[in-house]
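Input: a single structure, listed below in structure tokens.
Just so we're on the same page: letters track the sequence lines, and every chain starts at 1. Side-chain atoms are counted along with the backbone in the values below, which use heavy atoms only and exclude waters and symmetry mates.
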Amino acid sequence: MSRIDDYRRVAIPGAVDFILKLVEQVKGRRLLHVTGGRLGGGAAETLRATVPLLGELGVETRWEVTGGDNAYYTTARSLQAALEGAERVLSEEGLARWVDMNGLNAKKLDLDADVALVHDTQPASLVSARNGGRWVWRCHFDCSSAQAGAWAFFRRFADQYDAAVFPMPGFEGRLGIPMYLVPPSIDPLSERNRDLTPREVTEILIGLGVARDKPLLVQVGPLARPQDPLGVVNAYRLVKKHHDVRLVLAGTADGEPERLELLSHLREVAQEDRDVVVLELPPEAHQQVNALQRAATIVLQKSVQAGFELGPAEAMWKGKPVVGGYSGGLAQQIITNVTGYTVHSVEGAAFRIRHLLNNPELIPRMGAAGREHVRRSLLITRELVDELALGVHLTR
Amino acid sequence: MSSRAAQPFRFTGCVELRQALDVHALDERELMNRIGEVPADSIFFHTFGYFLHHRSFTTAYGNDFARWVAIEIGDHALAERLAVVDPFAFSTLEALREHLVTILQDHLRGREAERRLEFDRGFHFQRSHVVEVPLGRAAETLVEFRAGLATIDESAIYLHTVETRARERRADSFAAWLRSELALGELAEKFDRIDPYLTSLERIRGRLLGLVDVALEEARR
């Protein structure tokens, strides 16, 4: 587990001292995080790092998790999907069950805090049981195009909060409470982002069966339509006419039929072309992802429909230029012509990849700019500062 | 020059907590209308605040409006006209707002309604709340002030120069302290004349340090 002083060697100079000063303003206040689970990525991953750090800094911080029966989890997942804009059938019974189970959660959990941050959808209706303190709904996804019915239902709870927090402008739904913006971040000391030795990178790539005899184009992310892996293959094919490169598509496919069909299509492509490598990795394959990003010549994130997606930040932290789609948080992370390029099409991706391969001096230059950009704006130290400032602002 | 201040200067950093206003523009005409309506704090955020949130990659556009018009709308003539608006040249935020609206009005006069963007590429108005963070460092002499200026968090440079100048909190500025506590009116005047537009906080720090060094050197002669 990392300690606050460990971040001095990776964050911008003075960042840790600034946190120590900011912490003085929240000492004595009790913070509470509530999530739908402790495992997995996103909010839980960040909290696994920040909750112990805040404890080390003397800020009383607790982390509670809601739970329930199968119907509870199923409804919470469907409601979240509908809030993200997907078409879902939500039954009145299911929604009532979700509310009731959170009522039981409220009785079981210790929700006493000066600032309670409730993350995403599953625990959100706990707010009905609030008893003092300031309550914040911490939304980590894009709910700007939520299904109207789902949003109308959910808003009854969301409006009971004192404030909401969204990852970026434009992700917010209509609410009658103040809406703040705190972009997500990466932990530079986590298994996914920590420094690896060249030997470690080599050994991991050998284990994955990825040869390094030619420049690697790497895309990491779910093997799903929104990440456009077929578009990436087509961009690679346009590049391949001019440059002998290898494409690695690495990510999770889970069990959804549409994703399995896409995976099988990608495997066919990989069988026909030995320079296309498709790796289905488990969600906890952080070290493998780390090594792949470090071994890449150029990292791709050609999503056509994205949330914030921190893949570009991870790649830029490893000093790689990123060619990314123009959607969600990708355009917020990639500074065109400075840390990489945002593109709107397969042809655009191919054009930018060729441009970089034909001007190789740009690759380390953009990589270095990307690393500095992440150091300043997308590290966990910055998110910690934002959250502490939110706590100060809401309780002063 | 070796005088000691009765009231020490206390360096204070800040965090800019951003707030979404749920006000959006999807074309230039809507941008003009919204600029005319949003709280003055939002005009501040998208103009004066530009180089705090863009930090090391400042200066390409000068303010968020110009950046959006250039990148999302692709209207480079309008982007150029908006980019050269120096927010520090206006005595009030209302005067700055009026000027921005006038530029947009002039540009759009006689034009057909243009294509509207998808929501996710729209201009999303924001404002910010500045949370001040006392840095625990104080200066009573110019030498101590220089030492503090050289090492403090760059957000303190923003707070004691841009924020104080733009939000009429001059009592907290570097210049006000130099003038009132160390009787260094000439140096304070030079601090006030530093042009923070289209530069970075680190460059401002460098210029301020340069001015202090000259003052210290002159005092030694």
Side-chain angles (χ1 to χ4, degrees), chain A residues 12-15 17-26 142 144-145 163-166 168-183 305-306 326-329 331 335-339 342 344 369 372-373 375-377 382 384-394 396, chain B residues 10-26 42 45-46 52-61 64 67-68 70-72 74 117-137 150-157 200-202 205:
Chain A
I12 54 169
D17 292 322
F18 192 83
I19 290 170
L20 296 178
K21 291 294 172 194
L22 187 52
V23 155
E24 288 173 14
Q25 298 194 45
V26 292
D142 180 358
S144 62
S145 47
V165 175
F166 294 91
M168 62 177 270
F171 272 24
E172 66 273 15
R174 188 163 285 275
L175 290 173
I177 54 176
M179 297 184 282
Y180 299 98
L181 301 164
V182 175
Q305 187 194 335
Y326 200 94
S327 64
I335 304 174
T336 289
N337 292 320
V338 179
T339 70
T342 47
H344 302 263
E372 280 316 298
H373 172 47
R375 194 193 304 278
R376 284 183 164 271
S377 305
R382 194 237 68 236
L384 202 52
V385 164
D386 282 349
E387 288 224 337
L388 288 167
L390 179 71
V392 173
H393 177 69
L394 291 175
R396 65 184 170 191
Chain B
R10 298 190 190 283
F11 291 96
T12 306
C14 67
V15 185
E16 192 189 40
L17 183 62
R18 293 157 66 191
Q19 183 179 348
L21 293 179
D22 197 17
V23 175
H24 315 274
L26 303 183
S42 182
F45 176 86
H46 292 296
L52 183 63
H53 25 105
H54 289 272
R55 299 228 177 177
S56 54
F57 303 106
T58 61
T59 74
Y61 298 99
D64 288 333
R67 182 174 184 275
W68 181 74
I71 291 176
E72 301 295 353
L117 295 175
E118 303 262 326
F119 180 80
D120 62 352
R121 296 179 61 186
F123 188 93
H124 308 293
F125 283 87
Q126 300 164 53
R127 61 182 290 213
S128 67
H129 302 271
V130 168
V131 175
E132 295 189 8
V133 183
L135 297 175
R137 179 149 196 163
T151 54
I152 46 158
D153 188 81
E154 69 177 22
S155 69
I157 307 286
S200 69
L201 293 168
E202 285 306 326
R205 188 204 301 268

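- Around CD of A/Gln305, the count of heavy atoms belonging to other residues, nucleotides or ligands within 6.0 Å does not exceed 12.
- Within 6.0 Å of the CZ atom in B/Arg205, the count of heavy atoms belonging to other residues, nucleotides or ligands exceeds 12.
- Residues passing the salt bridge (charged side-chain N to carboxylate O under 4.0 Å, His left out) test with A/Glu172, sequence neighbours excluded: none.
- Nearest approach of B/Gly136 to A/Lys21, heavy atoms of both residues: CA-NZ, 4.1 Å.
- Neither the backbone nor the side chain of A/Phe166 comes within contact range of chain B; no heavy atoms are under 4.5 Å apart.
- Counting all heavy atoms, side chain and backbone alike, A/Pro169 lies closest to B/Arg18 at CD-NH2, 3.8 Å.
- Side-chain contact check for B/Pro134 versus A/Glu24: every heavy-atom pair is 4.5 Å or farther apart.
- Among all heavy-atom pairs drawn from B/Val133 and A/Gln25, the shortest one is CA-NE2, 3.4 Å.
- Only the side chain of B/Ile71 comes within contact range of chain A, judged by heavy atoms closer than 4.5 Å.
- Expressed to the nearest 0.5 Å, how far CG of A/Leu181 lies from CZ of B/Arg127 amounts to 12.0 Å.
- For A/Arg396, the part lying near chain B is the side chain, with the backbone staying farther off; criterion is any non-hydrogen pair under 4.5 Å.
- Among all heavy-atom pairs drawn from A/Phe18 and B/Ser155, the shortest one is CE1-OG, 3.6 Å.
- For B/Thr12, there are no side chain to side chain donor-acceptor pair (under 3.5 Å) partners two or more places apart in sequence or in a different chain.
- Put simply, OG on A/Ser327 and CD on B/Glu118 are 11.5 Å apart, with the number rounded to the nearest 0.5 Å.
- Side-chain atoms of B/Asp120 and A/Phe171, non-hydrogen and from C-beta on, never get closer than 4.5 Å to each other.
- Side chains of A/Ser144 and B/Phe119 form a contact here, defined as non-hydrogen atoms less than 4.5 Å apart.
- Distance check: A/Asp386 CG to B/Glu16 CD gives 9.5 Å after rounding to the nearest 0.5 Å.
- Interface remark: B/Arg121 contributes side-chain atoms only to the contact with chain A (heavy atom separation under 4.5 Å).
- From A/Asp17, atom CG reaches atom CZ of B/Arg137 across 11.0 Å, with rounding to the nearest 0.5 Å.
- A/Arg376 has its side chain within reach of B/Glu154: a pair of non-hydrogen atoms, C-beta onward, lies under 4.5 Å apart.
- Nearest heavy-atom pair, B/Val131 versus A/Ala389, reported as atom, atom and distance to 0.1 Å: CG2-O, 3.8 Å.
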